[in-house]
Amino acid sequence: MGEKRYTTLSCGVAILLLGFGVVQLGAGWAGIEDSFGWGWGLAAIVAALMFRFTIPIMVGAFLCAQNIWGWHWAFSALFAAPGLLFMVPALFASLVASVKR
């Protein structure tokens, strides 16, 4: 019974992450298209899908969240690069550990 719940939860999380990725890809295209034009937005999508080069999509997602959706820059950065949410506490813990030595 517990394994079935774990499998169901894992599938649900995977679907949510896939949905977030699709939203971020669309927002990245919209942000680049709004700032630089349709061709650059298409080039960013092609680079992300074919070459796994996602930095332009992250920049575009940030621009979309800030300029189109009107979000604060900090929330826009967390939307564009959600790994920052985990990197900041780790950096803080690393700094504290180095000071304690």
Side-chain angles (χ1 to χ4, degrees):
M1 183 94 170
E3 185 177 328
K4 184 177 180 183
R5 248 185 256 165
Y6 178 74
T7 304
T8 304
L9 181 64
S10 298
C11 288
V13 169
I15 290 170
L16 285 174
L17 288 175
L18 182 66
F20 179 76
V22 169
V23 168
Q24 194 176 32
L25 190 65
W29 177 81
I32 291 176
E33 190 270 332
D34 184 57
S35 298
F36 303 111
W38 189 84
W40 286 107
L42 184 63
I45 295 291
V46 168
L49 295 178
M50 290 185 65
F51 306 116
R52 298 181 58 123
F53 184 64
T54 59
I55 292 174
I57 294 298
M58 289 173 52
V59 170
F62 176 81
L63 291 172
C64 177
Q66 189 175 25
N67 298 336
I68 296 174
W69 297 341
W71 289 8
H72 188 269
W73 69 267
F75 295 122
S76 299
L78 286 177
F79 172 72
L84 292 175
L85 189 63
F86 301 110
M87 288 178 4
V88 171
L91 177 66
F92 182 71
S94 174
L95 289 173
V96 168
S98 67
V99 169
K100 283 185 177 181
R101 281 192 249 168

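The figures that follow rest on heavy atoms only: side chains count, while hydrogens, waters and symmetry mates do not.
- Ring geometry for H72 versus F75: interplanar angle over 60°, hence perpendicular rather than tilted (30 to 60°).
- Sparse packing is recorded around CH2 of W40, with 12 or fewer heavy atoms of other residues, nucleotides or ligands lying under 6.0 Å away.
- The ring-ring contact (aromatic ring centres under 6.0 Å, His included) contacts involving residues 46-68 comprise nothing, where partners must be two or more places apart or lie in separate chains.
- Checked options V46, I45, I32; the residue passing with P56 is I32 (criterion: side-chain contact (heavy atoms from CB on, under 4.5 Å)).
- When the side chain to side chain contact (heavy atoms under 4.5 Å, CB included) test is applied to L78, the partners found at least two apart in sequence or on another chain are L84, L85.
- If you take NZ on K4 and CG on L9, they are separated by 14.0 Å, rounding to the nearest 0.5 Å.
- Listed by chain and number, the residues in a side chain to side chain contact (heavy atoms under 4.5 Å, CB included) with L17 are V13 (sequence neighbours excluded).
- Closest approach of C64 to A27, counting heavy atoms only: CB-O, 3.1 Å.
- Applying the ring pair (Phe, Tyr, Trp, His ring centres under 6.0 Å) test to F20 and every residue at least two apart in sequence or in another chain returns F79.
- Checking side-chain atoms of Q24 against main-chain N and O of M58 turns up no donor-acceptor pair under 3.5 Å.
- Using a 4.5 Å heavy-atom cutoff, the side chains of L25 and L49 are in contact.
- No more than 12 heavy atoms of other residues, nucleotides or ligands lie within 6.0 Å of CH2 in W38, so this atom counts as exposed by the packing criterion.
- Legend: residues meeting side chain to side chain contact (heavy atoms under 4.5 Å, CB included) with V96, ordered by chain and number and at least two apart, are F92, K100.
- Cluster annotation: I57 is not connected to V23 through the hydrophobic network of ILVMFWY side chains, with a link wherever side-chain heavy atoms come within less than 4.5 Å.
- Under the rule for a side chain to side chain contact (heavy atoms under 4.5 Å, CB included), the partners of D34 that lie at least two apart in sequence or sit in another chain are I68.
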